[in-house]
Amino acid sequence: SKDVHFGPAKGGTRIIFQTAGVVPGSYFCTFTAGAINVTAEALRLNGFDLQCDTPEWPYPGSNTTVSLTTATGELTYLGADEVNQVVFTYESGWDAYAATGQQGAVSGPASG
């Protein structure tokens, strides 16, 4: 299972995955929406928990599926989230716009 279901597109949301057991090694978490994949390294905290800080999602806010992998393949998810798929929602925000490095002012009336 995981402990967080959404976070900003700028990344940096810490997710802890509780597993049935993990051995020392390299782990990765991949966030997928359609043909788009963004991957970050996962940290093994102990024999049961993996930590992943979400990478930046430089696309519009999206529901993504999350997979955990090692050099030998994908870990099987057996939880109840979203019909056996771990889902994480990236939410767009103004800070994501600033992170793109695009110049230009965003303006409009204060009343909306």
Side-chain angles (χ1 to χ4, degrees):
S1 69
K2 69 176 177 35
D3 63 343
V4 177
H5 295 276
F6 61 91
K10 68 179 180 178
T13 300
R14 181 156 291 163
I15 302 173
I16 305 296
F17 294 91
Q18 297 171 334
T19 73
V22 289
V23 298
S26 296
Y27 292 89
F28 302 91
C29 50
T30 300
F31 298 81
T32 303
I36 301 169
N37 296 301
V38 177
T39 299
E41 189 171 357
L43 174 65
R44 181 180 175 269
L45 298 176
N46 53 49
F48 296 97
D49 298 331
L50 295 173
Q51 172 187 305
C52 182
D53 292 342
T54 59
E56 179 183 355
W57 184 260
Y59 308 101
S62 302
N63 288 329
T64 65
T65 56
V66 184
S67 57
L68 293 170
T69 57
T70 68
T72 59
E74 187 172 337
L75 301 179
T76 302
Y77 179 72
L78 301 174
D81 286 357
E82 307 299 326
V83 190
N84 292 329
Q85 291 186 346
V86 180
V87 175
F88 181 83
T89 301
Y90 275 103
E91 298 178 334
S92 295
W94 286 107
D95 50 358
Y97 176 80
T100 65
Q102 295 178 0
Q103 297 195 14
V106 176
S107 62
S111 62

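Note that the coordinates shown come from a computational prediction; the quantities given were computed from them, not determined experimentally.
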Quiz item: Can you list every pair that meets disulfide (SG to SG under 2.5 Å) and has a residue in residues 4-39, with sequence neighbours left out?
Solution: C29-C52
Quiz item: Minimum heavy-atom separation for P55 to F31, with atom names?
Solution: CD-CE1, 3.5 Å
Self-check item: Minimal non-hydrogen separation, R14 against D53, with atom names
Solution: NE-OD1, 2.8 Å
Quiz prompt | Heavy-atom pair of closest approach, residues T39 and F28 | solution = CG2-CB, 3.9 Å
Practice problem: Could you give me the CA-CA distance, side-chain angles and deciding distance for L75 and L50, then say whether side chain to side chain contact (heavy atoms under 4.5 Å, CB included) is met? | Solution: CA-CA 12 Å; L75 301 179; L50 295 173; 4.2 Å; yes
Quiz item: According to the salt bridge (Lys or Arg N to Asp or Glu O under 4.0 Å) rule, which pairs have a member within residues 25-49, sequence neighbours left out?
Solution: none
Quiz item: What pairs with Y59 under ring-ring contact (aromatic ring centres under 6.0 Å, His included), at least two apart in sequence or on another chain?
Solution: W57
Quiz item: Is a donor on one side and an acceptor on the other found under 3.5 Å between the side chain of T70 and the backbone of T72?
Solution: yes
Practice problem: Please round to the nearest 0.5 Å and tell me the distance separating atom CG of N37 and atom OG1 of T65. | Solution: 8.0 Å
Quiz item: By side-chain hydrogen bond (donor to acceptor under 3.5 Å, both in side chains), which residues pair with T69, not counting sequence neighbours?
Solution: none
Quiz item: Distance from N63 atom CG to F88 atom CZ, nearest 0.5 Å?
Solution: 10.5 Å
Self-check item: Side chains of Y27 and L68 in contact at under 4.5 Å (non-hydrogen atoms)
Solution: no
Exercise. Might you point out which heavy atoms bring S92 and G61 nearest each other, and give the distance in Å?
Key: OG-N, 2.7 Å
Self-check item: Sequence-distant partners of S67, side-chain hydrogen bond (donor to acceptor under 3.5 Å, both in side chains), two or more places apart
Solution: none
Exercise. Look only at the side chain of T54 and the backbone of T13, and say whether a donor-acceptor pair between them is shorter than 3.5 Å.
Key: yes
Quiz prompt | Partners meeting side-chain hydrogen bond (donor to acceptor under 3.5 Å, both in side chains) with S26 (sequence neighbours left out) | solution = none
Exercise. May I ask whether V66 and I36 are part of the same hydrophobic cluster, defined by side-chain heavy atoms of I, L, V, M, F, W, Y residues being less than 4.5 angstrom apart, directly or through others?
Key: yes
